[in-house]
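Just so we're on the same page: letters track the sequence lines, and every chain starts at 1.
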Amino acid sequence: MRGIVLRRSAAPTPARALGLVLAAAFAFPAAYLIYRNFSEGADPGGLLLSRRTLEPLSRTLRLAFAVSVTALMLGTSLAWLTTRTNVPLVKLWRIVLPIPLVFPTFIGAAAFIRSLNPGGLANDFLSNVGVERTVELRGFFGAWLVLSVFTYPYVYLPVAARLRQLPGTLEENARVLGDTAAQTFRRICLPQIASAIGAGTLLVFLYTVSDFGAVQLMRYDTLTRSLYTNRLANPPVALALSLILLVVAAVVVVGERQFSRRLPETALSRTNRPIIYDLGRWRWPSLGFVVVAVFLGVGAPLLALLDWAADGLVRSTRGGRPLTIDSAKVIEATVNTLQASVIAAVVAVVAVLPIAYLVGRYRSRTGAVAHTIIISTFALPGLLIALSMKFWTLQSDWAFDTFSDTMALLAFAYVVRFGSLAMGVSLVAVRSVPDRLRDVARTLGASRTRRFLSIDIPVMAPGLLAGAGLVLLSVMKELPITLLIAPIGFPTLATRIFFSFEESFVAEAGIMALVLVGLSFLLTWLLVIRRADHL
Amino acid sequence: MLTGPAANIYGGECVEQDGSDVTIYSGRAENLMEPVFAAFECETGIRLKVRYASNTDLALSMNEEGDRTPADVFLSSSPGPVGFLANSDLLGNIDDDVLELVDEQNRSANGNWVGFSGRKRVLVYNVDEVSADQLPNSIFDLTDPAYEGQVAIPATNGSFADWFTVFRQESGNDVATQWLDDMVANGAKPYPNNRSIVEAASRGEIHMGLVNHYYNYQEAAAAGDDHRAANHDLADDDIGSLLIVTAATVTAASDNPEAANELVGYLLSEGVQRYYSEVTLEYPLAAGVEPAAVLPPLSDVDRSSVNFDDLGDEFEKTNAIIEASGILSQ
């Protein structure tokens with residue numbers, strides 16, 4: 001069953017051509033950076049070797065590594081517990097565990113920090129139990145904690161999707177032959193979910209590299225901080241730093257692909273019910289572990305937001321500062337958020353699927369290049385995606401008149417920014433389609449389209465939905481691209497939350513963040529969980 | 001008829017839309033600007049299209065867009081990004097009759113920007129940790145060992161950079177650079193912005209911080225009685241008491257400069273100035289409106305030597321000095 005399928009035909013020419021077009025589209029930010037580095041006379045090579053780059057770069061890499069390892073372990077263990085065990089309340093956890101992804105990191109970080117304020121929930125709690133000292137959440141530890149609890153779903157979602165698809169037969173055989181649950185996991189499960197773990201962890205790494213919101217609030221001085229400080233004062237330095245980020249990302253992406261290429265691919269069968277282990281005396285400790293994770297990633301920030309919202313609402317009714325938002329504003333932002341994220345999620349999955357086929361099925365070189373570009377771009381802060389889109393649409397009258405200030409450009413920018421999220425899981429999904437099934441179908445005379453619709457799509461569906469879900473949640477909280485590229489007068493929940501919070505309209509930020517969480521919860525449930533559970 | 005804060009700016013009947021519109025890039029948040037824009041639309045019939053983002057990101061966008069920028073007006077909460085755009089020749093001239101609505105020191109000598117509200121630099125402090133006799137008179141006192149590790153600086157914030165540029169101009173490069181180095185040696189801590197310092201001061205995470213006056217009032221309004229921070233005014237002639245203006249500009253590429261000027265003039269009208277004074281608790285700059293009673297009166301120190309027009313040129317150097325001081329990795 002671990003048989004690696006050796007037969008690889010060359011990709012059809014139209015597919016390769018499509019791959020090239022897609023690669024070019026996703027390369028807009030990279031091309032912009034390379035061009036601007038030349039035109040501004042930037043010196044990325046010289047800058048890379050200077051102290052002012054190496055120190056923040058090493059901090060960035062240390063943080064990204066630590067967050068990746070934590071998210072890997074957290075995401076994988078949570079996925080295993082919720083798909084393979086009898087941990088109590090498993091249905092609830094499946095719905096709740098992806099939610100941390102929807103908190104914009106600046107609001108997540110702020111929720112933690114602010115609740116330590118006098119009057120904040122954590123502060124009140126601590127002083128009630130007799131702790132008078134204020135706790136300071138900052139630096140490496142603060143950034144690591146916040147980024148870990150808000151990014152583990154990048155690992156959890158694809159791994160859970162993969163585990164749900166794995167046939168239980170192998171694991172059952174191993175158990176029958178006397179392996180413990182742990183041995184079965186290591187020898188049977190792990191090799192088969194390793195590619196999903198790798199793809200998810202890579203996203204965590206690159207996201208951490210690109211993050212500015214959390215590290216800024218935690219006052220941890222990374223490369224993105226340097227990039228942001230220099231962006232207006234010294235554009236050549238900012239451009240050079242961005243290029244360095246991109247190159248670092250590309251190296252990591254290529255490394256991960258080499259790693260995952262060596263992994264075994266397993267034919268999947270949807271008819272087998274996955275095996276469920278009885279945790280025995282570990283059942284309650286496991287529940288405790290899940291509860292802690294959910295508390296940190298969902299409960300604590302949610303409580304903080306509720307506190308902000310309730311506090312402001314009460315105060316405004318008692319003659320305090322009136323709210324600066326009304327229901328019409330919240331509804332407008334909600335509708336915009338929904339529209340933008342659904343469009344982007346659908347387009348992203350459609351756009352990366354051909355690349356996933358080129359890489360996963362044909363091992364095409366074009367596909368490998370496109371794959372590297374798509375995923376590496378995830379390390380770039382959204383601001384650079386936005387500026388590159390502006391730059392390219394300004395290169396001709398036609399492009400400017402056609403795309404400037406349109407939903408099409410906004411959706412395209414989102415897809416370029418977050419296509420990577422759909423890329424990894426789509427690749428895993430394509431690799432999980434058994435060639436055996438395709439061969440049988442071909443022998444029976446099924447057309448290419450028919451085979452795609454009746455074999456590939458059903459097998460890949462959970463993976464593709466997970467990819468769409470990841471893009472959806474990320475777009476819902478996206479900030480810099482929305483601010484600069486969206487048609488004028490297109491406020492989203494994230495943009496209104498950001499401004500409210502930055503100007504200390506904390507209640508407004510809390511109310512709209514709650515709406516954002518509620519909305520994403522609903523969508524995750526509809527698109528990812530309900531669907532995946534039926535499989 | 002308008003409702004809410006907008007009705008306090010303009011209480012009359014709305015006129016028909018006249019078909020013209022003005023596009024605004026606003027570095028000032030929607031929560032603060034929306035009532036002003038609503039009042040303007042109602043009173044003039046000119047439609048406004050607004051893109052809200054950070055001052056810096058909007059300036060970067062306009063730099064990419066060049067003469068294709070859709071923006072007619074750019075509003076910035078600190079003068080630095082305005083200087084950056086002026087250097088790139090992206091700003092047009094504001095009409096003289098609009099410029100003359102404010103004092104000479106609060107507008108550009110070149111006529112390409114005008115201040116429309118002011119935010120004063122202050123020292124914010126935690127009222128439980130710091131007693132009145134411990135408060136300094138000058139920013140130069142803060143390099144004293146008595147304040148070791150107690151002071152926060154919004155080192156990467158635009159308005160701090162602008163303040164530091166003026167500091168360099170007024171006291172000389174050496175003095176300003178030395179002060180910052182001494183602050184770093186004395187354990188000053190970097191924070192991303194004014195708001196986070198006020199919040200940290202209220203929490204007691206930091207004892208005091210150099211910020212502008214405005215955020216303490218906003219945080220106090222948001223946190224109510226739980227708020228434990230207060231503003232302290234340094235001496236009137238101290239650079240730590242500088243007033244920094246928020247600036248309005250008309251772009252060189254504007255295809256409707258007339259309406260754009262009308263909007264900028266509107267920001268300086270009595271109704272809007274009163275809104276800034278009473279609702280957002282900033283310092284009004286025009287129409288004879290007095291600062292709110294809760295605010296300390298502005299000093300009459302003559303700062304006519306300060307040239308905000310240089311902020312764009314000097315921005316890069318200021319940034320380099322701040323980075324070189326090592327404050328960011330404290």
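Along residues 68-77 of chain B, the residues that come nearer than 4.5 angstrom to chain A, judged on non-hydrogen atoms, are B:R68 in order of number.
Your options are B:E64, B:K49, B:E323, and the one with the most heavy-atom pairs under 4.5 Å with chain A is B:E64. Contacts with chain B were tallied for A:A507, A:A486, A:G312, A:G139; A:A486 has the most, counting heavy-atom pairs under 4.5 Å. Highest contact tally toward chain B, considering only A:L232, A:T393, A:L217, is held by A:L232 [criterion: heavy-atom pairs under 4.5 Å]. Ranked by heavy-atom pairs under 4.5 Å with chain B, the list A:Q216, A:K390, A:R59, A:R231 is led by A:R231. Annotation: maximal heavy-atom pairing with chain A below 4.5 Å, among B:N31, B:T23, B:V198, occurs at B:N31. Chain B forms more heavy-atom pairs under 4.5 Å with one residue of A:I325, A:V506, A:N230, A:L394 than with any other, namely A:L394. Contact count versus chain B (heavy atoms, under 4.5 Å) is highest, among A:D221, A:T229, A:L484, for A:L484. Interface remark: of the candidates A:P235, A:A233, A:P56, A:A233 forms the most heavy-atom pairs closer than 4.5 Å to chain B. When each of B:K317, B:R28, B:R195 is checked for heavy-atom pairs under 4.5 Å with chain A, B:R195 comes out on top.
With a threshold of 4.5 angstrom between heavy atoms, B:F84 approaches chain A through side-chain atoms but not through N, CA, C or O. In this structure, no portion of A:D401 lies under 4.5 Å from any heavy atom of chain B. For A:F391, the parts lying under 4.5 angstrom from a heavy atom of chain B are both the backbone and the side chain. Only the side chain of A:L383 comes within contact range of chain B, judged by heavy atoms closer than 4.5 Å. Proximity to chain A is absent for every atom of B:T318, based on heavy atoms less than 4.5 angstrom apart. Contacts between A:L323 and chain B at a heavy-atom distance below 4.5 Å are absent for every atom of the residue. In this structure, the portion of A:D405 lying under 4.5 Å from any heavy atom of chain B is its side chain and not its backbone. Residue B:P81 touches chain A through both its backbone and its side chain, counting heavy-atom pairs closer than 4.5 Å. Neither the backbone nor the side chain of A:Y220 comes within less than 4.5 Å of any heavy atom of chain B. Both the backbone and the side chain of A:E502 come within less than 4.5 Å of a heavy atom in chain B. Neither the backbone nor the side chain of A:F212 comes within contact range of chain B; no heavy atoms are under 4.5 Å apart.
Closest non-hydrogen pair, A:S504 versus B:Y215, comes out as OG-CD2, 4.4 Å. For A:E503 against B:A29, the heavy-atom pair with the smallest separation is CG-CB, 3.4 Å.
For the atom pair CD (B:E30) and CZ (A:F498), the distance works out to 13.0 Å, reported to the nearest 0.5 Å. Once rounded to the nearest 0.5 Å, the distance linking CZ of A:F499 with CE of B:M33 reads 12.0 Å. The CG atom of B:D57 sits 6.5 Å away from the OH atom of A:Y228 when rounded to the nearest 0.5 Å. With values rounded to the nearest 0.5 angstrom, B:E65 atom CD is found 9.5 Å from A:L387 atom CG.
Partners of A:R62 under the side-chain hydrogen bond (donor to acceptor under 3.5 Å, both in side chains) rule, at least two apart in sequence or in another chain, are A:S58. Residues forming a side-chain hydrogen bond (donor to acceptor under 3.5 Å, both in side chains) with B:S196 (at least two apart in sequence, or on another chain): B:N193. Residues that satisfy the side-chain hydrogen bond (donor to acceptor under 3.5 Å, both in side chains) test with A:S404, not counting sequence neighbours, are absent from this structure.
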Practice prompt. Check step by step if salt bridge (charged side-chain N to carboxylate O under 4.0 Å, His left out) holds for B:E34 and A:R496.
Written response: CA-CA 12 Å; B:E34 212 257 351; A:R496 284 205 160 133; over 6 Å; no
Worksheet item: What do the steps show when you test A:R138 against B:E205 for side chain to side chain contact (heavy atoms under 4.5 Å, CB included), and what is the final call?
Response: CA-CA 10 Å; A:R138 62 159 299 191; B:E205 176 180 303; 5.6 Å; no
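Remark: side-chain polar atoms of B:R51 are paired, donor with acceptor, to backbone N or O of A:L483 under 3.5 angstrom.
Around atom NZ of A:K329, more than 12 heavy atoms belonging to other residues, nucleotides or ligands sit under 6.0 Å away.
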